[in-house]
Visitor: 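Input: one structure, supplied below.
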Amino acid sequence: MSKVSKQRKEALAKFDKSKSYSLNEAVNIVKQITYSKFDASVDLNIRLGVDPRKANQMVRGSVTLPHGTGKVVRVLVLCNPDKAQEALDAGADYVGLDEYIQKIKDGWTDIDVVITTPNIMPKVGALGRILGPRGLIKK
């Protein structure tokens with residue numbers, strides 16, 4: 001049997017396994033017992049009281065946390081010049097059309113999301129082989 005480290009003994013002493021904690025209490029306990037120098041993950045188990053065998057009680061989805069992960073998302077908007085200012089006001093990092101299509105064909109992929117208008121899709125279709133494997137094209 002393996003030995004329990006000193007830090008693990010201290011962490012186990014700070015909470016009771018048999019007690020159910022509220023969300024705020026649990027977050028405070030996790031913050032107290034964390035000793036790693038990186039952002040660790042936390043598993044959360046919630047008893048919802050649903051029967052997963054019944055189709056109308058299936059629970060699926062994802063949650064976007066309010067403060068995000070800290071990763072900066074770089075957005076490219078491919079649009080006509082008349083929509084360029086609107087895209088910049090919405091927070092796009094790069095806005096253009098033909099020059100960015102050519103840059104992507106030449107190998108430039110320093111972006112995380114590509115947004116386009118429906119009338120530009122015939123031009124963007126040629127980029128599918130470049131953007132598709134990177135996961136930049138969503139259905």
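Predicted, not measured: the structure shown is a model, and the values here were computed from it. These numbers come from the heavy atoms of this one structure, side chains and all, not from hydrogens, waters or symmetry mates. FYI, the numbering just counts along the sequence from 1.
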Visitor: Between Gln102 and Glu99, is there a donor-acceptor pair closer than 3.5 Å when you use the side chain of the first and the backbone of the second?
Guide: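 No.
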Visitor: Pairs under 3.5 angstrom only: tabulate donor-acceptor contacts from the side chains of residues 8-17 to other protein residues two or more places apart or in another chain.
Guide:
unit_1 : atom_1 : unit_2 : atom_2 : d
Asp16  : OD1    : Ser18  : N      : 3.4
Asp16  : OD1    : Ser18  : OG     : 3.1
Asp16  : OD2    : Ser18  : OG     : 3.1

Visitor: Are the side chains of Lys123 and Asp98 in contact, using a 4.5 Å heavy-atom criterion?
Guide: yes
Visitor: How long is the straight-line distance from CD of Glu25 back to CG of Leu23, given to the nearest 0.5 Å?
Guide: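 Output value for this atom pair is 10.0 Å.
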Visitor: Decide, yes or no, whether a salt bridge links Asp112 with Arg74 under the criterion of side-chain N to carboxylate O below 4.0 Å.
Guide: yes
Visitor: Test your reading of the model: is there a side-chain donor-acceptor pair from Gln57 to the backbone of Asp51, 3.5 Å cut-off?
Guide: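 Side chain of Gln57 to backbone of Asp51: a pair is present.
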Visitor: CG of Leu131 to CG of Leu76: how many Å apart, nearest 0.5 Å?
Guide: 8.5 Å
Visitor: Enumerate the ring-ring contact (aromatic ring centres under 6.0 Å, His included) contacts for residues 39-63, please, sequence neighbours excluded, ordered by first and then second residue.
Guide: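 Passing the test, one end in residues 39-63: no pairs.
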Visitor: Look only at the side chain of Thr117 and the backbone of Cys79, and say whether a donor-acceptor pair between them is shorter than 3.5 Å.
Guide: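 Answer holds: no.
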Visitor: Considering non-hydrogen atoms only, spot the tightest contact between Val95 and Ala92 and give its length.
Guide: CG2-CB, 3.8 Å
Visitor: Would Val75 and Ile130 show up in the same hydrophobic cluster when neighbours are defined by side-chain heavy atoms closer than 4.5 Å?
Guide: no
Visitor: Measuring from Leu97:CG to Ile101:CD1, what's the distance to the nearest 0.5 Å?
Guide: 4.5 Å
Visitor: Hey, what do you get for CG (Leu78) to CD1 (Ile115), rounding to the nearest 0.5 Å?
Guide: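 With rounding to 0.5 Å, CG (Leu78) is 9.5 Å from CD1 (Ile115).
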Visitor: Could you see if Val77 belongs to whatever hydrophobic cluster contains Val73? Use Ile, Leu, Val, Met, Phe, Trp, Tyr and a side-chain cutoff under 4.5 Å.
Guide: yes
Visitor: Quick one: which residue pairs count as a ring-ring contact (aromatic ring centres under 6.0 Å, His included) with a foot in residues 102-134, not counting sequence neighbours?
Guide: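 Checked against ring-ring contact (aromatic ring centres under 6.0 Å, His included) - neighbours excluded - the pairs reaching residues 102-134 are Tyr94-Trp108, Tyr100-Trp108.
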Visitor: Look up atom CG in Leu88 and atom NZ in Lys83, then write down how far apart they are to the nearest 0.5 Å.
Guide: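 With rounding to 0.5 Å, CG (Leu88) is 13.5 Å from NZ (Lys83).
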Visitor: As an exercise, state the distance from NZ of Lys19 to CD1 of Ile29, rounded to the nearest 0.5 Å.
Guide: 7.0 Å
Visitor: Cut-off 3.5 Å, side chains only: do Gln85 and Asp89 have a donor facing an acceptor?
Guide: yes
